[in-house]
Amino acid sequence: MVNGRALLALVLQLAFLAAAFGWRTMMHRRRTGDSGFRWQRHDRVARISGALFAAAILAGTVGVTLAAFSVIELWEPLAGPGAFVAGLMLFAAGCVLTLAAQSAMGASWRIGVDPTERTGLVTSGLFGWVRNPIFTGMVTAAAGLAFLAPTMLTAVSVVMLVVAVRVQVRHVEEPYLREAMPGWPTYAQRVGRFVPRVGRVSR
């Protein structure tokens, strides 16, 4: 038997992944001739965060797939219409924020970090409110998915994604930005890390 609510969550999840990774990569390659992906084979922390990202996405997708085909049941306390509406709103907001932030980065958009590379520092628009709006959007979308199809796997995927984001930002991206972008420390002193005004860097 098919669970319509979880099936909708699965369709939305696959569409979001296709847009955020497939479509965005294709557009970036078309405009710049480069995919934007940077693989750090020799950076252990980057490999850990990358593995956590992949595991979080896989856990969420598997969770909604199993729920959609009634292999596992939705968690009863969040199976009502209120959680469903909240999930739709969170998921939609997360998707819009992620895709808008990716677009705002323009040619500077990357997945991963190349320590030898230098790109422009984007500080306007969404990036004038938070330093990492793409990650904020991704976590928001993952939380929405967990409300749309509340299972152990979708809940775990949110936790894994939060850990992956924190490791990637604090131990991979910020050390690189501090070294590569002269204007980043001043920018980081006035703009929050994931939400406005929270996680600003001390002078």
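Everything numeric in this text was worked out from a predicted model, so none of it was measured.
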To the closest 0.5 Å, what do you measure between [atom1] ([X]) and [atom2] ([Y])?
X: Ile57; Y: Leu52; atom1: CD1; atom2: CG; answer: 11.0 Å
X: Leu78; Y: Phe147; atom1: CG; atom2: CZ; answer: 6.0 Å
X: Met181; Y: Tyr187; atom1: CE; atom2: OH; answer: 11.5 Å
X: Arg24; Y: Ile111; atom1: CZ; atom2: CD1; answer: 9.5 Å
X: Leu126; Y: Arg131; atom1: CG; atom2: CZ; answer: 15.0 Å
X: Leu145; Y: Thr140; atom1: CG; atom2: OG1; answer: 12.5 Å

Check whether [X] and [Y] end up in the same hydrophobic cluster, where Ile, Leu, Val, Met, Phe, Trp and Tyr are linked by side-chain heavy atoms less than 4.5 Å apart.
X: Val62; Y: Trp75; answer: no
X: Leu8; Y: Leu14; answer: yes
X: Val169; Y: Phe37; answer: yes

Exercise for the section: Give a yes-or-no answer on whether the side chains of Thr32 and Asp34 include a donor-acceptor pair shorter than 3.5 Å. Expected result: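 No, because no side-chain N or O of Thr32 sits under 3.5 Å from a partner of the opposite role on Asp34.
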Practice task
Answer with yes or no whether the side chains of Thr154 and Thr151 bring together a donor and an acceptor at under 3.5 Å.
Solution key: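 Checked: Thr151/Thr154 side chains pair up, N/O donor to acceptor below 3.5 Å.
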More than 12 heavy atoms of other residues, nucleotides or ligands under 6.0 Å from [atom1] of [X]: yes or no?
X: Arg197; atom1: CZ; value: no
X: Met152; atom1: CE; value: no
X: Met89; atom1: CE; value: no
X: Arg30; atom1: CZ; value: no

For a quick test of reading the model, state the closest non-hydrogen atom pair linking [X] to [Y] and the distance between them.
X: Ala9; Y: Val64; result: CB-CG1, 4.1 Å
X: Val191; Y: Gly128; result: CG2-O, 3.8 Å
X: Ile134; Y: Met105; result: CD1-SD, 3.7 Å
X: Ala104; Y: Val122; result: O-CG1, 3.9 Å

Handout entry: Which residues share a side chain to side chain donor-acceptor pair (under 3.5 Å) with Gln13, sequence neighbours left out
Key =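 Thr61.
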Problem - Asn132 vs Glu173 side-chain heavy atoms within contact, under 4.5 Å - result: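 Yes. Closest side-chain heavy atoms under 4.5 Å.
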Practice task
Indicate, with yes or no, if the rings of Phe53 and Phe135 have centres closer together than 6.0 Å.
Solution key: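 Yes, they do, as the ring centres are separated by less than 6.0 Å.
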